[in-house]
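Note that ligands are numbered from 1 as they come in the structure, with each ligand's atoms numbered from 1 the same way. The model shown is predicted, which means the values in this text are computed figures rather than measured ones.
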Amino acid sequence: MSAPISKTGDKLLLRALRREKVERTPVWLMRQAGRYLSEYRAVRAQADGFLGMVRDPELAAEVTLQPIRRFGMDGAILFSDILLPLEALGMELRFDEGGPHLPKPVRTRADVEALRAVEPRQALDYVGRALGLVKRALPAHVTLLGFAGAPFTLASYAIEGGTSKSFLELRKLMYRDTATWELLLAKLADLTAAHLAYQAECGAEALVLFDTWAGTLTRADYRRYARPWTERVVRAVPAHVPLVLFAGQAEHLFEDQLALAPTGVAVDHRMELARAFDQAGGRVALQGNLDPGALLSSPEEVALRTRALLDSVAGRAGHVLNLGHGVLPPTDPECVAALVETARSARP
Ligand code: CP3
């Protein structure tokens, strides 16, 4: 882990996000900390569940650092979750075997009006403390990433009460009581903006805004019901902090994401990265986009696919290597090692 820092003292990942020429393509992975790592499972076995890990700054920092120690990525994303800020609005949040569960979802005007935001530095102080601990322990060339959920995706959890396939309750509220929908999205946008600013204050050097479910909307509905509040967040982020926008299965929204002018856009693996570079035309940096499912193959296959992906980018400025979505739990760590090593030894 002795990658050089450039003469400007700036980190590789930050330079790539600024679309500067770099000596090699930086790499980090969404969900790089998690159940596929035995050292994560060991910490989790001692902790009070997933939320117990996240709310304990020492444990969150330890788990954040695990993949950096093992693989040497260029970015460390804080171990936390996009749903925790919903607690700062007064919502109850649990994680069980089936994933996140919000036992009292918001469905009515009165529910939305009752949401009261508590300052992130108060309600989410453990996030700031974990960032501080990671920052101190991180190798000097590694970039510390903070993150939050975009208003639309947070609203989907707040309304559905968990992960949904068809978003029926969300659709009903969004279409039938649009004024209440807009009030909810405004509250979520303000909270998200405050949470991102708080993380930047606490040492996050770049930020990721996750809009996992935005791709379930048509382009017209995205513009009407989601984009204005994502835009509010993008505009509110401190100007000196790079922001990467992620949306799943959202090729039809790619042009809209470019129009929001974030620092970078995360490209889902179903979109061809070279074409995304052509379409972006140097307006933003692009992150991605190996298929996380391909990491269930073999280290040799992962190395081949990583090289092919880098070749397809052909040294264009502003590439941050990543997956198209998060690392899957049954992934063999050797496949993650093959991805990172291939990136670290390749020259653009
Ligand atoms: O990427 C990282 O390593 C940083 C940590 C991180 C987690 N969640 C940890 C986590 C980040 C950035 C997230 C973001 C997140 N959380 C998103 C957006 C990104 C995406 O995946 O689309 C979403 C939609 C969530 C909500 C969420 N959290 C779900 C649906 C689940 C259950 C599914 C699952 O993978 O278990 C979680 C739990 C969760 N968040 C885990 C981790 C490591 C699993 C916890 C465990 O059981 O140990």
Closest approach of [X] and [Y], non-hydrogen atoms and distance?
| X | Y | value |
| --- | --- | --- |
| Leu170 | Ala155 | CD1-C, 4.3 Å |
| Thr153 | Thr212 | OG1-N, 3.1 Å |
| Cys202 | Leu131 | O-CB, 3.6 Å |

With a 4.0 Å cut-off on N to O distance, would you call [X] and [Y] a salt bridge?
| X | Y | value |
| --- | --- | --- |
| Asp177 | Arg107 | no |
| Glu23 | Arg15 | yes |
| Glu58 | Arg129 | no |
| Arg283 | Glu255 | yes |
| Lys187 | Glu113 | no |
| Asp256 | Arg219 | yes |

In the protein, what heavy atom is nearest to [atom], and what distance, to one decimal place, separates them?
| atom | answer |
| --- | --- |
| atom 32 (C) of ligand 1 | Pro100 CD, 3.7 Å |
| atom 25 (C) of ligand 1 | Ile82 CG1, 3.6 Å |
| atom 28 (N) of ligand 1 | Asp81 OD1, 2.7 Å |
| atom 43 (C) of ligand 1 | Phe79 CE1, 3.5 Å |
| atom 20 (C) of ligand 1 | His325 NE2, 3.2 Å |

> So which of Gln66, Glu97, Arg31 gets nearest to atom 13 (C) of ligand 1, if we judge by its closest heavy atom?
Replying inline: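 Considering heavy atoms of Gln66, Glu97, Arg31, the nearest to atom 13 (C) of ligand 1 sits in Arg31.
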
>> As a check for students: among Tyr157, Phe147, Phe50, identify the option with a heavy atom nearest to atom 30 (C) of ligand 1.
In response: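 It is Tyr157 that holds the nearest heavy atom.
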
Atom indices of ligand 1 within 4.0 angstrom of [X] heavy atoms, with elements:
| X | answer |
| --- | --- |
| Thr212 | 18 (C), 19 (C), 20 (C), 22 (O), 24 (C) |
| Leu78 | 4 (C), 5 (C) |
| Tyr40 | 43 (C), 45 (C), 46 (C), 48 (O) |
| Phe95 | 28 (N), 37 (C), 38 (C) |
| Thr163 | 30 (C) |
| Phe210 | 12 (C), 18 (C), 19 (C) |
| Arg44 | 46 (C), 47 (O), 48 (O) |

> Do any pairs count as a salt bridge (charged side-chain N to carboxylate O under 4.0 Å, His left out) and have a residue in residues 33-46, sequence neighbours left out, and if so which ones?
Replying inline: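 Found Glu39-Arg70.
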
>> So does Leu260 get a backbone contact from the side chain of Arg235, meaning a donor-acceptor N/O pair under 3.5 Å?
In response: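 Checked: pair present.
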
> To the nearest 0.5 Å, how far apart are CE in Met73 and CG in Leu339?
Replying inline: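 Rounded to the nearest 0.5 Å, the CE-CG separation comes out at 8.0 Å.
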
Which part of [X] is near ligand 1, with near meaning a heavy atom under 4.0 Å away: side chain, backbone, both or neither?
| X | result |
| --- | --- |
| Arg35 | side chain |
| Val208 | neither |
| Ser80 | backbone |
| Met30 | backbone |

> Hey, is Ala33 one of the residues with a heavy atom under 4.0 angstrom from ligand 1?
Replying inline: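 Per 4.0 Å heavy-atom rule, Ala33 contacts ligand 1.
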
